[in-house]
Amino acid sequence: EHCETQGGRRSLEAQVFFTKVSQKLIAALNQITPDGQVFRVDMRLRPFGDSGPLVISFSAMEDYYQEQGRDWERYAMLKGRLIQSSQPNTPEYETLYRSEFYALLKPFVYRRYIDFSVVESLRKMKAMIAQEVRRKGLKGNIKLGAGGIREAEFVVQAFQMIRGGRDVNLQTQSLLKALEQLVGLGALEAKNAQQLRSGYLYLRKVEQYLQAFNNEQTQTLPFEALNQQRLTHLLGFESYEQALAEISEVMIQIHDEFDLMVGTEKEEIDDDSILYEALWENSDFSVLDRVDFSDEAQALWKKELTEF
């Protein structure tokens, strides 16, 4: 609906006004001061991404998610929470807006039927994440790596999205509450749920330590000796190798549960890609002997790469 502000020096369309409010709020939250930063705000995940408006109406939001919403956005909205006061004296209109917002998202996130297509979409999403991890050379990543935080979330979210349309108790943003419900429904053994819960909380704790070291958003285990010592101390070990061993054990347990629930797509390994990476990174020209190149072509490769 078209509406305008009132009471100011001049009237503004609601869309323009709330876009300006959003921009100022994002800048305030993002600003780094001597005391640190409130929140890192990433608005790229909004409808239509960077090209989309910062502010849209409920009806526009509903149209987007029903007509163009993608699988990964279902997972994002499953965990999405409104920033709103939870005080007892919250105005009634805010409570109504909150209820309307979640009611609009519910059919997009939770299907009324048992939705087994979730498992296949999870496999594809996990394969894409693994591909990106390799592309960026992310080693020791406790969030995106095998058995990381993301896999623990995927296990629970898969159950929620498969059965959440019928079992309303699974319609929660809290992973820990969802785990309790899954045990109550008999979908997960209590032992497995407890293992997932403790592993997830442990990795979240490690993540907080990593981000505190240099006040940056990271989930990668440290390469610097100082931060390795810090992490070792905080986890209560005498050596970094012991800390790594425990982290590895936790991630193996989570990955086993993920593999049991979701499985993984078999990846096609491009032997030529591996060969050329070795050639590029290590200048190992002997690998060219395994390729059907003429002597002239091999000589040209060596010359080009040596001069690059």
Side-chain angles (χ1 to χ4, degrees), residues 1-31 37-113 115 118 121 153 156-182 217:
E1 296 180 6
H2 178 80
C3 57
E4 296 182 346
T5 59
Q6 297 178 355
R9 286 179 296 178
R10 62 189 180 92
S11 295
L12 291 174
E13 290 185 12
Q15 173 103 20
V16 174
F17 173 77
F18 284 108
T19 296
K20 290 181 179 292
V21 171
S22 299
Q23 290 169 337
K24 290 182 179 295
L25 176 61
I26 291 166
L29 294 174
N30 262 334
Q31 184 179 12
Q37 186 181 36
V38 181
F39 289 115
R40 300 174 183 88
V41 183
D42 185 355
M43 296 303 298
R44 293 172 299 175
L45 304 182
R46 67 184 185 270
F48 302 108
D50 282 334
S51 62
L54 277 177
V55 177
I56 59 174
S57 66
F58 276 5
S59 58
M61 180 192 70
E62 182 180 26
D63 289 343
Y64 171 81
Y65 285 120
Q66 292 300 333
E67 295 174 9
Q68 302 189 48
R70 290 160 289 182
D71 286 334
W72 67 263
E73 288 175 305
R74 289 182 67 191
Y75 300 101
M77 290 299 104
L78 187 151
K79 296 179 64 178
R81 292 180 176 88
L82 279 177
I83 300 175
Q84 181 189 21
S85 171
S86 58
Q87 299 301 317
N89 59 349
T90 300
E92 182 179 357
Y93 66 85
E94 285 196 17
T95 303
L96 292 174
Y97 287 150
R98 182 187 184 89
S99 300
E100 184 179 357
F101 174 80
Y102 288 123
L104 290 176
L105 285 178
K106 183 177 175 180
F108 171 63
V109 177
Y110 301 105
R111 305 294 194 244
R112 283 183 293 180
Y113 51 86
D115 187 10
V118 167
S121 68
E153 292 175 334
V156 180
Q157 290 173 335
F159 276 114
Q160 286 182 274
M161 294 174 69
I162 289 171
R163 304 181 56 167
R166 294 192 174 187
D167 295 311
V168 293
N169 290 333
L170 291 175
Q171 296 177 13
T172 174
Q173 296 100 337
S174 168
L175 179 141
L176 302 183
K177 290 181 180 178
L179 274 174
E180 292 177 6
Q181 294 297 328
L182 288 170
Q217 188 170 2

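The shown structure was predicted, so the numbers you read here are calculated from the model rather than taken from an experiment.
A pairwise comparison of heavy atoms in Pro107 and Ala103 identifies CD-O, 3.2 Å as the closest pair. Nearest heavy atoms, Leu54 versus Met43: CD2-CE, 3.7 Å. Heavy-atom minimum distance, Leu104 versus Gln66: O-NE2, 4.2 Å. The shortest heavy-atom contact between Leu105 and Met77 is CD1-SD, 3.8 Å. For the pair Tyr102 and Leu82, the tightest heavy-atom approach, listed with the atom from each and the gap, is OH-N, 3.1 Å. Contact detail for Leu78 and Gln157: the closest heavy-atom pair is CD2-CG, 4.2 Å.
Proximity of a side-chain donor or acceptor of Arg74 to a complementary backbone N or O of Phe108 within less than 3.5 Å is detected. Judged by distance alone, the side chain of Gln181 and the main-chain N or O of Leu170 form no donor-acceptor pair under 3.5 Å.
Here the OH atom belonging to Tyr75 is positioned 11.0 Å from the CD atom belonging to Gln160, to the nearest 0.5 angstrom. Separation of atoms CZ (Arg46) and CD1 (Ile56) is listed at 10.0 Å; rounding is to 0.5 Å. Note: Tyr110 OH to Asp167 CG = 11.0 Å, rounded to the nearest 0.5 Å. Here the CD-NZ distance, from Gln171 to Lys177, works out to 14.0 Å after rounding to the nearest 0.5 Å. Arg111 CZ to Arg166 CZ: the interatomic distance, rounded to the nearest 0.5 Å, is 14.5 Å. Residue Arg40 holds its CZ atom at 12.5 Å from CG of Leu29, rounded to the nearest 0.5 Å.
Residues Ser174 and Thr172 bring no donor and acceptor atom of their side chains to less than 3.5 Å of each other.
Residue Tyr97 qualifies as open at atom OH: its count of foreign heavy atoms under 6.0 Å is 12 or below.
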For residues 18-27, which side-chain N or O atoms pair as donor and acceptor with protein atoms under 3.5 Å away, sequence neighbours left out?
{"residue": "Thr19", "atom": "OG1", "partner": "Gln15", "partner atom": "O", "Å": "2.7"}
{"residue": "Ser22", "atom": "OG", "partner": "Phe18", "partner atom": "O", "Å": "2.8"}

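Taking 4.0 Å as the cut-off between side-chain N and carboxylate O, Arg70 and Glu73 count as a salt-bridged pair.
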Step by step, would you call Trp72 with Leu45 a side chain to side chain contact (heavy atoms under 4.5 Å, CB included)? CA-CA 10 Å; Trp72 67 263; Leu45 304 182; 4.0 Å; yes
Could you walk me through whether Gln68 and Phe48 pass side chain to side chain contact (heavy atoms under 4.5 Å, CB included), step by step? CA-CA 9 Å; Gln68 302 189 48; Phe48 302 108; 3.5 Å; yes
